[in-house]
Structure formats: C-alpha cells, structure tokens
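Below is the structure I would like to discuss, written out as structure tokens.
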Amino acid sequence: MDDLIMMGPMPADLTEALGQRFAVARYWEAPDKAAFLADHANTRFMVTDGHTGCSARIMDALPGLELIASYGVGTDAIDLPAAKARGVAVTNTPNVLNDAVAELALGLMLALGRRIVEADRFVRDGCWRAGNFALTSELAGATVGILGLGRIGKEIASRAQAFRMNVVYHGRRPQKDVPFRYYDDLTEMARDVEWLVAAVPGGVQTAGLVDRAVLEALGPQGAIVNVGRGSLIDEAALVELLQAGKLGGAALDVFAAEPDVPDALRAMDNVVLSPHQASATEKTRRAMAYLVFQNLVAGQAGEPLLTPVG
Ligand code: A2R
C-alpha cells in the first residue's frame with residue numbers, strides 16, 4: 001500500500017475511503033513533526049486543505065512527494081512555486097463548490113440588507129410588542145460589483161441578476177462574452193456600487209486588494225461582502241470605517257486570522273459574521289471529498305489528474 005500524508009483532519013467518509021487505498025499517516029497528530037517527516041520522507045502522496053496547505057519547508061523534507069491533493073478551491077496556503085520547482089503536482093476542488101459559495105454570498109447580502117439576524121433577535125427578545133422593526137434595504141435595483149468574476153463570481157452574478165440587481169465587475173482584465181460592465185479600477189467600481197462582493201483567491205498578489213481607499217469609495221451607503229479570503233481586506237481599516245459610519249456594512253465569511261474575529265466586528269449590528277462556511281454544505285463537501293479521492297487515485301495510477309492547479 002502507498003503511504004499518504006494527511007496534513008489535518010479530513011471528513012470521515014474521505015478518511016475512510018483513503019484508508020482503504022493508502023497507509024494514512026496523520027501529520028497533525030504527530031508529537032514530533034521533524035521525526036514524522038523523516039519517517040515519511042519517501043511518501044509520494046499528500047492530502048491537505050485550503051487552510052493548512054503545505055509549505056516549501058515541508059516539501060523539502062519530503063523529497064519523494066509527487067502529488068498534493070487539496071480539499072478546497074483556494075490554494076494560497078500551498079507554496080505553488082515551490083511545488084512547481086520540485087515537480088510536485090497540486091490539485092484542488094474547483095467548480096463543485098460554486099453553487100454553495102454563491103448561495104452563501106447572496107444569503108449574506110440578504111441577511112445584511114434586510115437585517116435578518118437583527119430582526120430574528122428583535123422577535124426573540126420580545127421587542128416587537130414595543131413597536132415595529134426599523135426599515136431595511138432591498139437588493140432589487142441596487143448595483144453589485146463582483147471583485148473576481150471567475151467560476152464562483154459568475155454564479156454570484158447570475159443569482160444577483162435573478163434578484164434584479166445591476167451587475168458590474170473588476171478583475172485584472174476584461175472578459176469576452178460577459179454582459180456586465182468592466183472596471184479596470186477597483187476604487188472606481190466601488191464608488192459606483194452599493195454592494196462589493198469579493199470572490200478572488202487569497203495569496204500575496206491579492207493581499208489588501210480591498211484597501212482603505214476602496215472601502216471609503218464604497219461609502220456609508222455601501223457594503224462589502226467577502227467569500228474569498230480574509231487577506232483580501234484591510235481589516236483594520238474596515239473596522240475603523242464601519243465604526244465611523246463611513247462604510248455602511250459588512251458581511252464576512254472569511255477573516256484575517258481565523259478563527260479569531262476582531263471584537264470590534266462582533267460588536268457591530270451592521271456586520272453579519274459567518275464562520276468560513278461558504279462551501280460547507282453536506283452535498284458540496286461530499287463532492288469535494290470525492291474529487292480529492294479521485295485525484296489521488298488518478299495520481300496513484302499514473303493517470304491524468306482531474307483538476308490540476310496551474
Ligand atoms: O484577474 P482575472 O481576470 O484573472 O480574474 C480572476 C480574479 N482575480 C483577480 N482580480 C483582481 N486582482 C487580482 N490580483 C486577481 N487575481 C485573480 O479572481 C478571476 O475572475 C477570479 C478567480 O476566479 P477563479 O480562478 O475561477 O476562482 P474561483 O473558483 O471562482 O474561486 C475564487 C476564490 C477561491 O480561491 C477561494 O479563495 C474562494 O474564492 O472560495
């Protein structure tokens with residue numbers, strides 16, 4: 001049986017299926033990491049996820065490594081240049097999570113715009129008897145700017161259209177055959193929209209992309225929604241502008257230092273918080289697990305990988 005290094009806990013069904021084909025070695029449980037890596041230096045296969053990833057240092061300790069299969073679409077925690085330089089293939093789980101992530105993005109927008117979380121608390125706390133809930137805002141007629149009109153971004157766009165929103169987008173370049181207005185300047189787009197939805201990958205290239213200027217341009221009537229990575233947003237500026245009333249609201253599924261969320265964000269009513277659960281539905285997580293399994297089986301058999309990165 002081939003060895004497989006599991007970097008962190010995986011879903012039970014995936015762990016069981018992998019256990020039938022591989023001798024699974026659990027990195028996160030090893031008390032002595034260096035000794036673990038030395039013992040498994042010739043291991044060819046690894047399974048990890050978007051949070052744990054794999055560093056160049058770990059790759060260096062595993063000269064036999066051939067394939068890193070990641071459970072998730074974001075690969076920013078995997079040192080891709082290091083993998084490429086060492087001839088290590090990487091796979092992720094694109095597309096199968098588009099619907100779930102897009103649904104959560106729209107759910108967050110509805111929750112923030114219609115103040116659903118606050119309204120629930122209002123009813124539970126018995127406040128209704130004392131008077132009606134405050135008026136809220138609707139999505140219809142508003143403009144949403146998608147930051148990253150990729151696989152997920154396009155699904156968010158089509159759902160926003162179904163809610164009768166006007167859709168525009170920003171990326172590094174305009175896309176052909178896309179019916180939405182393109183902005184080559186993110187700050188300019190932020191000035192023109194009520195909603196800014198971030199669905200770009202994390203990593204050094206996108207760190208701080210949503211900076212103070214972008215958030216200021218979004219303004220008191222604007223809201224930011226993030227289903228990409230916490231690193232995309234200047235979180236300190238976000239907190240400051242929300243507190244000062246210079247930004248209307250935020251609905252966030254991802255944070256700079258998960259699972260830690262700044263107390264200031266937790267204290268504000270114009271903020272909706274979600275524990276990085278955009279892809280976390282039963283159906284999608286099963287599909288992601290199956291794709292991870294299929295990639296590893298293909299790698300083991302020397303067949304083409306289903307979803308190679310890069
Ligand atoms: O820049 P483009 O035209 O290649 O568009 C991509 C955009 N993007 C960026 N936009 C602005 N500045 C950047 N530096 C930048 N880098 C990438 O993000 C593309 O439209 C989008 C990413 O789309 P996909 O590669 O299809 O990724 P997918 O599957 O939609 O997932 C996006 C991310 C994941 O990496 C996770 O972090 C999260 O959503 O769940």
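Note that ligands are numbered from 1 as they come in the structure, with each ligand's atoms numbered from 1 the same way. Since the model is a prediction, treat every value here as computed from it, not as a measurement.
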What atoms in ligand 1 come closer than 4.0 Å to a heavy atom of Arg173?
->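 The list of qualifying atoms is 2 (P), 3 (O), 4 (O).
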CD of Glu138: more than 12 outside heavy atoms within 6.0 angstrom?
-> no
Is the shortest N/O to N/O distance between Gly150 and ligand 1 below 3.5 Å?
->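 Yes, at least one N or O pair falls under 3.5 Å.
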Atom 39 (O) of ligand 1: which protein heavy atom is closest, and how many Å away?
-> Ile152 CD1, 3.7 Å
Non-hydrogen atom of Gly228 closer than 4.0 Å to ligand 1 |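 Yes, Gly228 has a heavy atom closer than 4.0 Å to ligand 1.
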Considering only non-hydrogen protein atoms, determine which one is nearest to atom 17 (C) of ligand 1 and report residue, atom name and distance to 0.1 Å.
-> Arg172 NH2, 3.4 Å
Mark yes when over 12 heavy atoms from residues, nucleotides or ligands other than Tyr290 sit less than 6.0 Å from its OH; otherwise mark no.
->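 No - once you tally the heavy atoms of other residues, nucleotides and ligands closer than 6.0 Å, there are 12 at most.
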Provide the full list of salt bridge (charged side-chain N to carboxylate O under 4.0 Å, His left out) pairs with a residue in residues 288-304, sequence neighbours left out, each pair given once.
-> none
Can you tell me if Val227 has a non-hydrogen atom under 4.0 Å from ligand 1?
->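 A heavy atom of Val227 does come that close to ligand 1.
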Heteroatom proximity flag, Leu149 to ligand 1, N/O under 3.5 Å |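 Min N/O separation from ligand 1 is below 3.5 Å for Leu149.
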Does NZ belonging to Lys33 count more than 12 external heavy atoms closer than 6.0 Å?
-> yes
Is any N or O atom of Asp76, backbone or side chain, closer than 3.5 Å to an N or O atom of ligand 1?
-> no
Relative to the ring of Tyr169, is the ring of Phe180 parallel (under 30°), tilted (30 to 60°) or perpendicular (over 60°)?
-> perpendicular
Neighbour count >12 (heavy atoms, 6.0 Å) for atom CD, Gln175 = yes
Under the side-chain contact (heavy atoms from CB on, under 4.5 Å) criterion, do Leu209 and Leu186 qualify, and how do the steps go?
-> CA-CA 9 Å; Leu209 199 57; Leu186 177 56; 4.1 Å; yes
Hey, is ligand 1 close enough to Asn98 that some N/O pair sits below 3.5 Å?
-> no
Which ligand 1 atoms, with their elements, are less than 4.0 angstrom from a heavy-atom of Val73?
->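 Near Val73, meaning under 4.0 Å from one of its heavy atoms, ligand 1 has 29 (O), 34 (C), 36 (C), 40 (O).
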May I ask you to check whether over 12 heavy atoms, not counting those of Trp28, lie within 6.0 Å of atom CH2?
->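 Enclosed.
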Atoms in ligand 1 flagged as close to Gly74, the criterion being non-hydrogen separation under 4.0 Å = 35 (O)
Taking atom 24 (P) of ligand 1 as the reference point, the nearest protein heavy atom with its distance = Arg151 NH2, 3.7 Å
Name the one of Asn95, Asn295, Thr93, Thr91 that satisfies side chain to side chain donor-acceptor pair (under 3.5 Å) with Thr307?
->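 Result for side chain to side chain donor-acceptor pair (under 3.5 Å) with Thr307: Asn295.
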Considering heavy atoms of the protein only, find what lies nearest to atom 22 (C) of ligand 1 and give residue, atom and distance to 0.1 Å.
->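 Result: Pro201 CD, 3.7 Å.
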Decide whether an N or O pair under 3.5 Å exists between Thr206 and ligand 1.
->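 No: no nitrogen or oxygen of Thr206 is under 3.5 Å from one in ligand 1.
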Taking the six-membered ring of Tyr183, is the NZ or CZ of Arg181 close enough (under 6.0 Å from the centre) and on axis enough (within 45°)?
-> yes
Which atoms from ligand 1 have a heavy atom of Gly148 less than 4.0 Å away?
->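 In order of numbering, the contacting atoms are 7 (C), 18 (O), 20 (O), 21 (C).
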Judged by modelled atom types alone, do Asp2 and Gln300 share a side-chain donor-acceptor pair under 3.5 Å?
->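 A donor-acceptor contact under 3.5 Å links the two side chains.
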Note: ligand 1 atoms sitting under 4.0 Å from heavy atoms of Val200 are 7 (C), 8 (N), 9 (C), 10 (N), 18 (O), 33 (C), 37 (O)
With a cut-off of 4.0 Å, which atoms of ligand 1 are near a heavy atom of Leu209?
-> 12 (N)
Would you mind running through ligand 1 and noting each atom that sits below 4.0 Å from a heavy atom of Ala199?
->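 By the 4.0 Å cutoff, the relevant atoms are 32 (C), 33 (C).
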